[in-house]
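Only this structure's heavy atoms are used, side chains among them; waters, hydrogens and symmetry mates stay out. Proteins get letters first, then strands, A, B, ... in listed order; numbering begins at 1 in each. None of these values were measured; they are calculated from a predicted model.
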Amino acid sequence: MVNIIKKFIRNYESNQKEKEKKEKKPQKKEFISSSLTQSLSFFKNKFGKSEDLTIRKLEIMDLESAIITMAGLVNKETLGNNVMNRISADMQFNGTPIEKYEYLRDKIISSCDIVQISTYEDALYMVMSGFALVVMDGCDRMLAIGVQGYSSRGISEPSSEVMQRGSREGFVEPLRINMTMIRRRIKNPTLKFETSKVGNISKTEICFCYMEDKVSSDILEKVKYKIQQIDLETIMAAGYVMPYLEEENDLSLFSSIGMTERPDTVCGKLAEGRIAIIIDGTPNVLIVPYLFTEYFQSMDDYAIRPYFATLSRLIKYMGFLIASLLPGLYVGIGTFNPELLPGPLLNKVAISVGSTPFSLLFETLLIHFFYELMREAGLRLPKPLGHAVSIMGGLVIGDTAIKAGLIGAPTLMVVALTALSSYVIPNLYEPIAMLRLLFIVAGGIMGIWGVMILFAAGLVNICAKSNYGVPFTAPISPFSTFGMRDVFIRAGWKILAMKDSTVQYMPGAHPKRTKEKV
Amino acid sequence: MGKRLIISVPQMFSMLFISRLVVETTYSAIMSQGNNILDHILSAGTAFFIVFLLILPIYFLFNMDNSMDVLDNSYELLGKTGNLVSGLYALYFLFTCVHTVALFKIFLSNVINPPVSTEVLLTTMVIAASYGAYKGVEGLARTSGVILFFMIISMIFIGISLFDQIDCLNFPPFLYQGTQSFEGGLMYMISRSSCIPAMAILFPMAKGNLKKGIFIWNLGIYALISVVILLMVGSMGDFLQTQLFPVYTAGSIAKIGSLEHLDALYLGIWTMGIFIKLSLFFMLSGECVKKFAGEKLGRFFVLVFGFIMIFFGIFLNKNAISSGIFSSPFLLGSMLLVGVVVPLALIILKKLKTEKLSIEGKEKQ
């Protein structure tokens, strides 16, 4: 028996090793030819019948040349003023093609965003990023001139993170605009932006943003390494990248990667030593490492007086407990341990349970199912139809089901209270919804014991979680008295600003000691 | 062996505090075979000093080389024979797990008597504890911090609510029925000190002031127990003698204003405490097994241990918890063997080895 197990383990390990050994073959880079015809035929072959490739042939300083752009990605006015008008002028310069190219680059083109390119791979990437490529016959390089001008959504307040006080700006889809929004708020040279490309097909640009004097170099190195390891074909949303940044074999319901659409939130986190990851094409910026307590913080907390901010924090924590535990406890106690309820309340619940045809477990699950159904329906419907869903759900189904004696009023009230509480922390909606369901099932099968056992197991799950060596539950556990100034309470700014508090110095944090090896 | 400072001393002692608390809050005159539970306050006072003495061998062994636990020491001094020591500790920790599971079962079937199958609950608890053990000491230590907070708040709440119901007439004089209860209580407290052998493995993992930690932990446990006994005796009087789990009964009669039935609170904290204790000792037994069976085979043994726990949990009956291998003398003997005798023997061996080496060194010079 033992031998069989050993053999099984050995086989499994050798398979794993083989998988790890499979390395990606580095792509060969093709250098630009000095022949214009060859370069143009390369682009024509690559794009084939694609309509958006534009090639404008012309003569520059008596050399056969071409300007390659992608329709819709360039600003024609900028292209005209900075490039076309300048090179169309009668230029006289004698020299080799390379000298002419250098003259054009240094003396003629007025744009400051110029990149010299020597491989076709870079040329393709630049042209598809909205650059104009200037190709000259006899030159084995190209000029990429920044004339991007694609249309994008204007800066507006993010609908998922509405604040009463503070900035009304939210991130947008283009990466560069998002970078400027951060730079405008932190005018400090220690703020760094580093970009890299991810996605074998989409070649999406990803930007790491951090403050050099605040960030932990170990964490930064690991984040970069993890991003390099992403083996995806396309990246269309921040959610694609998130699992790659989590701890290995992490099966937790909670994510230790933060996501925000607010530049002010990102700037606050950067000042605490976090790394922001901006992904081109999405307004959601990722923040690593992210702690459990940060789910309960919002920018509004820092814009109002600490007393009310503290009350608001406590309400959020209460809301979290109610939203995840209440229905499970209600089902568990109502089904197996009714003696734990005070007499008058027990009476009401007993009457309700007695007058409905379903068990408390089934009844609660049923209402939750209806609620989630209505939520999903309301989420993606046009606003006017959303009202119709509310009327249908709230009035018709809810009211009629109680009157018909199909479901009990206490159960409906518990579910309604739960739903309301879960909206207090919108970022935690998904894990709360899952936990709630698990607690209901545990309560329905094993009563209060089941709920308690699951609660303890869930607590271990989040307490054991670390990301980049920083405990997810810090500073609650491992505990830090000073850290509490911004957890259950929100201390005044004079106390908050008393000590530099970067994430790598959280209690129990060991950025060097993580599961992943770089 | 490199130092593995992965938890802090307060975290380690919060785990051990909870592990002690779940046993200490299951006191009863029936289990300790006494007739006056108030005498247990004297037992607690005496146990406080005795536990200090019992910890000394482990503490001194750790002080000789603070990067090594008792198992590392045994391998260093005894070579392959160290496997025996690892096996012994693994069995002791498994035995503690089985004892805890049995306690949980008795509580379920005799006090609460839930409509849910106790077998299902036991199996779920063991599975959950296995998950806790799998998550490792760091996760458990952090969880203990949170659970300890809930426990203390709940105990204070129950304590305050019982305060009103205390009747001074319920307090008999100490030792008025002889010393039997005192002795029984002392035996009960010392024999169930399974945390002492646990320290032999946990000490090298903890960072911080150990002496202070040991003192606060020990004082906290016995002070809390004394207060709990005072409250129970004061509020329940002779009724206490008939209860198998008097702290639970005390919780069920506690009342503050319109809040009553605080036994729900007790149920909650006790279940979470049992979870921590089971997870901790299950993890420790796994660590010991991995020492002699290796990482891969160790996992298989841990799985077998899980089944053993479920098996014993299901088939043990009410009387088994205080008789046979779970009787106080057997528990005391096994605890003394792994908590005192083995560390003491290792200290002597280490001293002898050091002296031998120094003599050899001098001879060479």
Side-chain angles (χ1 to χ4, degrees), chain A residues 1-6 8-10 12-13 249 251-252 292 325 329 332-333 335-346 442-466 471-480 507-508 510 513, chain B residues 5-8 10-11 14 104 108 112 114-118 120-121 124-125 127-129 131-150 252 258-265 267-276 279 293-297 299-300 303:
Chain A
M1 180 69 180
V2 174
N3 282 337
I4 294 169
I5 293 165
K6 272 185 176 174
F8 175 75
I9 292 167
R10 229 176 282 139
Y12 175 75
E13 276 180 344
N249 304 321
L251 300 172
S252 178
F292 179 69
L325 278 173
L329 281 174
I333 293 174
T335 312
F336 295 108
N337 311 92
E339 74 279 1
L340 297 178
L341 293 173
L345 185 61
L346 176 64
I445 296 171
M446 287 175 283
I448 192 171
W449 300 94
V451 176
M452 284 303 157
I453 293 171
L454 186 66
F455 180 73
L459 207 56
V460 169
N461 180 283
I462 60 166
C463 285
K465 193 175 163 74
S466 291
F472 183 55
T473 44
I476 297 174
S477 187
F479 184 75
S480 153
H510 306 278
R513 205 191 67 219
Chain B
L5 298 171
I6 49 178
I7 54 171
S8 64
Q11 281 181 328
S14 65
F104 184 58
L108 281 180
I112 302 288
V116 195
S117 145
T118 48
V120 171
L121 272 176
T124 312
M125 177 57 105
I127 292 170
Y131 176 71
Y134 164 75
K135 280 290 176 186
V137 70
E138 224 173 342
L140 277 176
R142 288 180 204 154
T143 312
S144 303
V146 180
I147 291 179
L148 185 64
F149 173 77
F150 284 128
S252 59
S258 58
L259 286 174
E260 47 188 294
H261 280 300
L262 297 182
D263 42 346
L265 259 182
L267 276 185
I269 56 168
W270 200 71
T271 311
M272 288 199 281
I274 284 277
F275 170 83
I276 288 290
S279 302
E295 185 75 26
K296 310 281 153 40
L297 204 61
R299 284 183 202 162
F300 171 72
L303 195 71

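Dense packing is recorded around OH of B:Tyr131, with more than 12 heavy atoms of other residues, nucleotides or ligands lying under 6.0 Å away.
The CD atom of B:Gln11 sits 10.0 Å away from atom CD1 of B:Ile6, with the distance rounded to the nearest 0.5 Å.
For the set B:Thr124, B:Ile269, B:Ile276, the count of heavy-atom pairs under 4.5 angstrom toward chain A peaks at B:Thr124. Your options are B:Val146, B:Val137, B:Ile127, and the one with the most heavy-atom pairs under 4.5 Å with chain A is B:Val146. Counting heavy-atom pairs under 4.5 Å between each of A:Asn461, A:Thr473, A:Ile476 and chain B puts A:Asn461 at the top. Among the candidates B:Thr271, B:Ile147, B:Ile274, the residue making the largest number of heavy-atom pairs closer than 4.5 Å to chain A is B:Thr271.
For B:Ser8, no part lies under 4.5 angstrom from a heavy atom of chain A. Looking at A:Leu459, both its backbone and its side chain come within 4.5 Å of chain B, counting heavy atoms on both sides. Heavy atoms of B:Phe150 lying under 4.5 Å from chain A belong exclusively to its side chain. At a 4.5 Å heavy-atom cutoff, A:Pro507 makes no contact with chain B through either its backbone or its side chain.
The shortest distance between side-chain heavy atoms of A:Met452 and B:Leu267 does not fall below 4.5 Å. The shortest side-chain heavy-atom distance between B:Phe104 and A:Trp449 falls under the 4.5 Å cut-off.
Partners of A:Phe292 by ring-ring contact (aromatic ring centres under 6.0 Å, His included), not counting sequence neighbours, listed by chain and number: A:Phe254, A:Phe296, A:Phe320, A:Phe472.
Taking both residues in full, the closest heavy atoms of B:Leu140 and B:Gly132 are given as CG-O, 3.7 Å, listed atom of the first, atom of the second, then distance.
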